[in-house]
Amino acid sequence: MGKGVTVSGSENEQLIGAYLTDNNLSTRWSSNWSDDAWFIIDLGKSYRINKIILNWEAAFGRQYEILVSEDGKHFTKIFNQSNGTGGIETINFAEVKARYVKLQGIQRGLPYGYSLYDVKVMGK
């Protein structure tokens, strides 16, 4: 199922983090119902990346941060969303080298968890 994914939690066993990268839009990850929920995608090795595409289900992130890391321990914020609207969000940023990509939730758009059908990390 795509790249390795670690999550803060899932709503249940059918809505797991591995679905974020399985390239199947009929599956999704739904977090535990907490504003500070998160996921980390391990790309397997470092790449130069400059775009992330988030495909939200109805339960989207109103506020969140995107962070990157090469070692999985020390993360650097590369994007801050302060007024997300859901749907398909394309986030472009200055090219960075990263192995790990993290979405850190700050505020949910609905009272449920964060819910995503798919996450694509793109670059060179």
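Counting from 1, the numbers follow the sequence of the chain as shown. None of the values given here were measured: they were computed from a predicted structure.
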*Examine W33 together with Y112 and report whether their ring centres are nearer than 6.0 Å.*
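Yes - the distance between ring centres of W33 and Y112 falls below the 6.0 Å cut-off.
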If I compare all heavy atoms of [X] with all of [Y], which pair ends up nearest, and what's the gap?
X	Y	value
Q14	Y19	O-CE1, 3.2 Å
Y114	A37	CD1-CB, 3.7 Å
Y117	L25	CD2-O, 3.4 Å
L110	A59	CD1-CA, 3.8 Å

_Non-neighbouring partners of W56 that pass ring pair (Phe, Tyr, Trp, His ring centres under 6.0 Å), sequence neighbours left out_ =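 Only Y64 meet the ring pair (Phe, Tyr, Trp, His ring centres under 6.0 Å) criterion with W56.
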_With F79 via ring pair (Phe, Tyr, Trp, His ring centres under 6.0 Å) - residues at least two apart_ =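 By the ring pair (Phe, Tyr, Trp, His ring centres under 6.0 Å) rule, F79 matches no residue at all.
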[X] vs [Y] side-chain heavy atoms within contact, under 4.5 Å:
X	Y	value
V101	I40	no
K102	F39	no
V7	W29	yes

Output all residues satisfying side chain to side chain contact (heavy atoms under 4.5 Å, CB included) with [X], sequence neighbours left out; order by chain, then residue number.
X	result
K97	S46, R48, E70
F93	I49, I52, I78, I91, V96
R62	F60, N83, Q107

_Non-neighbouring partners of K51 that pass salt bridge (charged side-chain N to carboxylate O under 4.0 Å, His left out), sequence neighbours left out_ =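 Not a single residue meets the salt bridge (charged side-chain N to carboxylate O under 4.0 Å, His left out) criterion with K51.
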*For the hydrophobic clusters of this structure (ILVMFWY residues joined by side-chain heavy atoms under 4.5 Å, transitively), does one cluster hold both L43 and V5?*
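Yes, L43 connects to V5 through the hydrophobic network.
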*Among the clusters formed by ILVMFWY side chains lying less than 4.5 Å apart, do I66 and Y100 turn up in the same one?*
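Cluster IDs for I66 and Y100 differ.
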Test of understanding: with side chain to side chain donor-acceptor pair (under 3.5 Å), list the residues that count as partners of [X], not counting sequence neighbours.
X	result
S82	none
N55	none
S69	D71
R99	D42

*Sorted by first residue and then second, give each salt bridge (Lys or Arg N to Asp or Glu O under 4.0 Å) pair with at least one member in residues 7-19; sequence neighbours left out.*
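Residue pairs passing salt bridge (Lys or Arg N to Asp or Glu O under 4.0 Å), neighbours aside: none found.
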_Residue pairs involving residues 25-40 (criterion salt bridge (Lys or Arg N to Asp or Glu O under 4.0 Å); sequence neighbours excluded)_ =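 Checked against salt bridge (Lys or Arg N to Asp or Glu O under 4.0 Å) - neighbours excluded - the pairs reaching residues 25-40 are R28-E57, D35-R108.
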*Among L103, D118, L116, whose side-chain contact (heavy atoms from CB on, under 4.5 Å) with L20 holds?*
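With L20 as partner, side-chain contact (heavy atoms from CB on, under 4.5 Å) holds for just one option, L116.
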